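Presented below is the structure to which this report refers.
Here the structure is a predicted model, which means the values were calculated and not measured.
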Protein chains: 2
Amino acid sequence: MSTTPYHHGNLREALVGAGVDVVRSGGPEALSIRELARRVGVSHAAAYRHFADREALVDAVAERAMEALVARVRERLATVEDQDPVTRARRRLQRIGVGYVDFALAEPGLFRLLFTAYPEPPEGTDPDGEDPYSLLNVALDELVAVGYLDPADRIGADVTCWAAVHGFSVLSVEGPLRGMAEADREAALTALLLGIDRGLGRRGEWEELTR
Amino acid sequence: MSTTPYHHGNLREALVGAGVDVVRSGGPEALSIRELARRVGVSHAAAYRHFADREALVDAVAERAMEALVARVRERLATVEDQDPVTRARRRLQRIGVGYVDFALAEPGLFRLLFTAYPEPPEGTDPDGEDPYSLLNVALDELVAVGYLDPADRIGADVTCWAAVHGFSVLSVEGPLRGMAEADREAALTALLLGIDRGLGRRGEWEELTR
DNA sequence: AGACGATGTTGACAGCGGTAACTTCTCGGT
DNA sequence: ACCGAGAAGTTACCGCTGTCAACATCGTCT
């Protein structure tokens, strides 16, 4: 009876969990059905009872990665303590960016996986409404509400912010900015977020946001 | 004698050329040594006389892709005809961004390949000095020279611009912005480039850059 | 002429995604 | 309490890939 039972119990979860481990250490390209089956101690064909194909498995792991990303951003968001509404809103936007990049650098494998799952839109508006894009939009609406961001400039601001932060992450994780010294990267990110903040704010009534 | 000669002549070039074709139509994942060999009409192992492994082949194709990207950006750059030095410099920066994104959307396969070649830095400072990053730096220096960009803000400006434009491209080509309506994307890109321009310019002495 | 190095071929191996046919277990209805 | 249906796992196979080793062919230099 000490022999492993014929049925695993909850193979699906086990596979996804192993998938997260593999991607964390080896990146998306290390994610193979056979490798995961091996890790879980099951034949490779068993996985097909729970996933239509490799892509479905990748998607499932990507979902986990997305949850981790959102968690990281929320975490950073929670550290904002400013009282002044304007400063607070601006800082919140900044924190979203910091959290996003943080995650990308801390978990390059998971981050790359998120945008490697080519066929299906990795983010978009999740039905459960838990994606970084939503958080970003909330933050931008807040900036409009407190009067920092001109409503006319609100259009396209989401894409601009997302593109800048995502681009920075991609270039840092798998692009030419990889291998940049930590301090330099920190400075570059600060400059980038400052640039966004500056580009969004109304002219005149502007004051540098402290680090 | 009409039989194909035993030696191909210049197999390396032929393989890379076929590689470009394959990637253009099928993306980086369609790039396989055997497929290229088949297209060129040569045995699958012949490629190993010219490339150490698949990665080397991918790199060679990526180099071509990079040349095409630079060509596209230069092309766009050449269309700037403004006389006023400041406007001219600002517009040149804008054109670089437009060209970059244009290429990404026109050649998604080649663009993705550029940043799929994980192990080796795809861009970086090429010895022959022909990469988009150099063009960007020249444009930014120009902005400083004409007095539009504060020298203090020059630091990190390169990364900020690159990140924003690259991020926009990535999100449009393989990310959540894929499938966005053409007009919407156009508007979003305009807003993004405007945001960059605005974020860089000195306060006060500022005036909207016409489309 | 003849040897040699570069180039191309054939054949093999392992690992991958995916499918089919078969086995084992679980569970719900009588 | 049974027992049959279907869920879950297994083995065996296919074709594809990258990669290597052994062999064949060609131009070229002496």
(request) Measure the shortest side-chain to side-chain distance between A:R76 and A:I96 over non-hydrogen atoms and say whether it is less than 4.5 angstrom. (result) no
(request) Could you pull out the closest heavy-atom pair between B:A46 and B:L11, with the gap in Å? (result) CB-CD2, 3.9 Å
(message) Among residues at least two apart in sequence or on other chains, which ones pass side chain to side chain contact (heavy atoms under 4.5 Å, CB included) with B:L177?
(response) A:V159, A:W162, B:F168, B:L171, B:S172, B:M180
(request) Tell me, with the steps shown, if A:R154 and A:L140 meet side-chain contact (heavy atoms from CB on, under 4.5 Å). (result) CA-CA 7 Å; A:R154 174 64 179 80; A:L140 287 173; 3.5 Å; yes
(message) If I take atom CG in residue A:L11 and atom P in nucleotide C:dT24, what distance separates them, rounded to the nearest angstrom?
(response) 19 Å
(message) If I compare all heavy atoms of B:Y48 with all of B:D53, which pair ends up nearest, and what's the gap?
(response) CE2-CA, 4.2 Å
(request) Please say which of A:R91, A:R92, A:R88 ends up in a side-chain hydrogen bond (donor to acceptor under 3.5 Å, both in side chains) with A:D82. (result) A:R91
(message) Just the rounded figure in Å: distance from C1' of C:dG17 to CG of A:L36.
(response) 13 Å
(request) Return the minimal non-hydrogen interatomic distance between A:A163 and B:L192, and the atom names on each side. (result) CB-CD1, 3.7 Å
(message) Can you measure A:E29 atom CD to C:dG17 atom P for me and round it to whole angstrom units?
(response) 13 Å
(request) Provide, to the nearest angstrom, the distance between the CG atom belonging to A:N10 and the C1' atom belonging to C:dT26. (result) 16 Å
(request) Inspect the contact between A:R178 and A:E174 and indicate whether a charged nitrogen and a carboxylate oxygen are less than 4.0 angstrom apart. (result) no
(request) Examine the side chains of A:D131 and A:S134 and answer whether a donor and an acceptor come within less than 3.5 Å of each other. (result) yes
(request) Estimate the overall bend of the helix from C:dA1-D:dT30 to C:dT30-D:dA1 from the end axes over five pairs each, rounded to 10 degrees. (result) 10°
(request) May I have all residue pairs that pass side chain to side chain donor-acceptor pair (under 3.5 Å) and include part of residues 11-23 of chain A, sequence neighbours excluded? (result) A:E13-A:R64
(request) Give the rounded distance in Å between these two atoms: CZ of A:R39 and P of C:dC16. (result) 12 Å
Sort me out a list of protein N/O and nucleotides 27-29 of chain D N/O pairs below 3.5 Å, or just none if empty.
none

(message) Rounded to whole Å, how long is the line connecting atom CZ of A:F51 with atom P of C:dT19?
(response) 16 Å
Are there any protein N/O atoms within less than 3.5 Å of an N/O atom in nucleotides 16-20 of chain D, and if so, which ones and at what distance?
| unit_1 | atom_1 | unit_2 | atom_2 | d |
| --- | --- | --- | --- | --- |
| D:dT17 | OP2 | B:R38 | NH2 | 2.6 |
| D:dG18 | OP1 | B:I33 | N | 3.0 |
| D:dG18 | OP2 | B:I33 | N | 3.2 |
| D:dG18 | OP2 | B:R34 | N | 3.2 |
| D:dG18 | N7 | B:R34 | NH1 | 2.3 |
| D:dG18 | O6 | B:R34 | NH1 | 3.0 |
| D:dT19 | OP2 | B:Y48 | OH | 3.1 |
| D:dT19 | OP2 | B:R54 | N | 2.8 |
| D:dT19 | O4 | B:R34 | NH1 | 3.3 |
| D:dT19 | O4 | B:H44 | NE2 | 3.3 |

(message) Is A:H50 close enough to D:dG9 that one of its side-chain N or O atoms is under 4.0 Å from OP1 or OP2 there?
(response) yes
(request) Give a yes or no on whether a salt bridge exists between B:D153 and A:R198, defined as a side-chain N under 4.0 angstrom from a carboxylate O. (result) yes
(message) Can you confirm whether or not the ring centre of B:F111 sits under 6.0 Å from the ring centre of B:H166?
(response) yes
(message) Short of 4.0 Å, heavy atom to strand atom, which residues of residues 15-27 of chain B count as contacting DNA chain D?
(response) none
